[in-house]
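FYI, side chains are in, hydrogens and waters are out, and symmetry mates aren't considered; it's all heavy atoms of this structure. Read the numbers this way: they start at 1 and go in the same order the structure lists the ligands and their atoms. For the single chain, residues carry numbers from 1 onward in sequence order.
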Amino acid sequence: MDKHHYYRDTWAEIDLDKISQNIKSFKTHLPEQKIMAVVKANGYGHGALQVAEEALRSGAEFLAVALLDEGLALRKQGITAPILVMNRVRPEYASLAAENEISLTVFQKEWLTEAHSYVKETKYQIKIHLKIDTGMGRVGFREESELLEAARLINQSQAFKAEGVFTHFATADEWESELFEQQRKKFIEYIDLLKSWGLNPPLVHSANSAAALRKVEGPFNLVRLGISMYGLAPSNELKQDLPFPLEEAFSLHSRLIHVKKLMPGDTVSYGATYTATKEEWVGTLPIGYADGWQRRLSPGASVLIKGERMPIIGRICMDQCMVRLPKRIDVGELATLIGSQQAEKIEMDEIARIAETINYEIPCLISARVPRVYTKKGRILENMNVILNF
Ligand SMILES: Cc1ncc(COP(=O)(O)O)c(C=O)c1O
């Protein structure tokens, strides 16, 4: 069976030209910075491999993932660019990472001691990015004494190569944030400390999308771009004042699989929460919460059919949901759940608002059951159907 084919009437479309455009806009916005494309979580649901390839073609030089598994998957698929794993990887897997040229994030001195005992025999060096916790409160060195100990261990051993040092901001997506400024200053102090101990990692990075959009001052030479590369704003606050337009790459589509007329008093879906008040046309779409089209999106969300907004009615089921139509429409008609039709647009942010979450979560949750279709210059390049990918 062909993993590139799919047989259902629901799919996500990823416009790779938009990814490319967003990277190029950043290159102009921050000409001095190298770009690390963050493709963890299957490229925020867009497809890690395809996004990575497009980002690298468009000027990114590094990739970041959360898990060693994600990095290994990219290597297996032929990606040769540098990859950083940003979460903790167990020290016993350090040599596996090294053999695959995958850089690891380190924020515990014990990690170095343990990893050292596992890699003594390997001919590969473990590439390390030291993570400093300047205020995010998640992972990272906090104590100067522990960082000094770590710096010593790295300096003493041929097994380690300090490739980078980084931190992560907690509030870069808020214009007025004291914490952001505190973190920035603290990070610079730590870089100076490392220098004074003889450790000068060539890559120094702090910025996520929000910090890269607003530009963060300091001796930094790389930005880690996630959400904005996909064309989504890191927050509603920053969205009001972007330095250049972001182009949304992800859209979601389905087709009517059934159309019927309801009589007044007829009800729709589980719990019979929707009752027709007059004669109404109702269509069924083959997408539900198992596809990541969350149950909480109804009532509230609409879809676009023939360029018009139509509300989702009744409860969203596991595999299907219903839409009120203004008139009879043919089975097979295109419905856009995220994206544009004619003059109408449903943005990712609209869906996030209805689901009471942030835009990041929406494409991440569109499940593996939904095939991804990749386009460039309006033409289909590739289909990826993960459930046939065995
Ligand atoms: C350490 C780190 N850097 C960078 C990013 C990318 O952030 P964004 O998607 O806001 O650009 C993330 C994502 O959560 C992250 O955890």
**Asked** Looking just at side-chain N and O atoms, do Ser206 and Thr167 make a donor-acceptor pair shorter than 3.5 Å?
**Response** no
**Prompt:** With distance as the sole criterion, is a donor-acceptor pair present between the side chains of Tyr274 and Arg315 under 3.5 Å?
**Reply:** no
Is the shortest side-chain N to carboxylate O distance from [X] to [Y] below 4.0 Å?
| X | Y | answer |
| --- | --- | --- |
| Arg353 | Glu350 | no |
| Glu308 | Lys306 | no |
| Glu247 | Lys24 | no |
| Asp173 | Arg214 | no |
| Asp133 | Lys186 | no |

**Request:** Heavy-atom distances under 4.0 Å are what count here, so tell me which part of His129 touches ligand 1: side chain, backbone, both or neither.
**Result:** neither
**Prompt:** Is Met229 touching ligand 1 with its side chain, its backbone, both, or neither, if touching means heavy atoms under 4.0 Å apart?
**Reply:** neither
**Request:** Please check if atom CZ in Arg90 has more than 12 non-hydrogen atoms from other residues, nucleotides or ligands closer than 6.0 Å.
**Result:** no
Tell me: protein heavy atom nearest [atom], and distance?
| atom | value |
| --- | --- |
| atom 3 (N) of ligand 1 | Arg224 NE, 2.7 Å |
| atom 13 (C) of ligand 1 | Lys40 NZ, 2.8 Å |
| atom 11 (O) of ligand 1 | Ser209 OG, 2.5 Å |
| atom 5 (C) of ligand 1 | His168 CE1, 4.0 Å |
| atom 16 (O) of ligand 1 | Arg138 NH2, 3.2 Å |

Could you say whether the N/O atoms of [X] and ligand 1 ever approach to under 3.5 Å?
| X | answer |
| --- | --- |
| Tyr360 | yes |
| Ile227 | yes |
| Gly226 | yes |

**Asked** Tyr44 heavy atoms, cut-off 4.0 Å: which ligand 1 atoms fall inside?
**Response** 6 (C), 7 (O), 8 (P), 9 (O), 13 (C)
**Numbering as shown, the atoms of ligand 1 that approach Met86 to under 4.0 Å (heavy-atom distance)** = 1 (C), 2 (C), 3 (N), 15 (C)
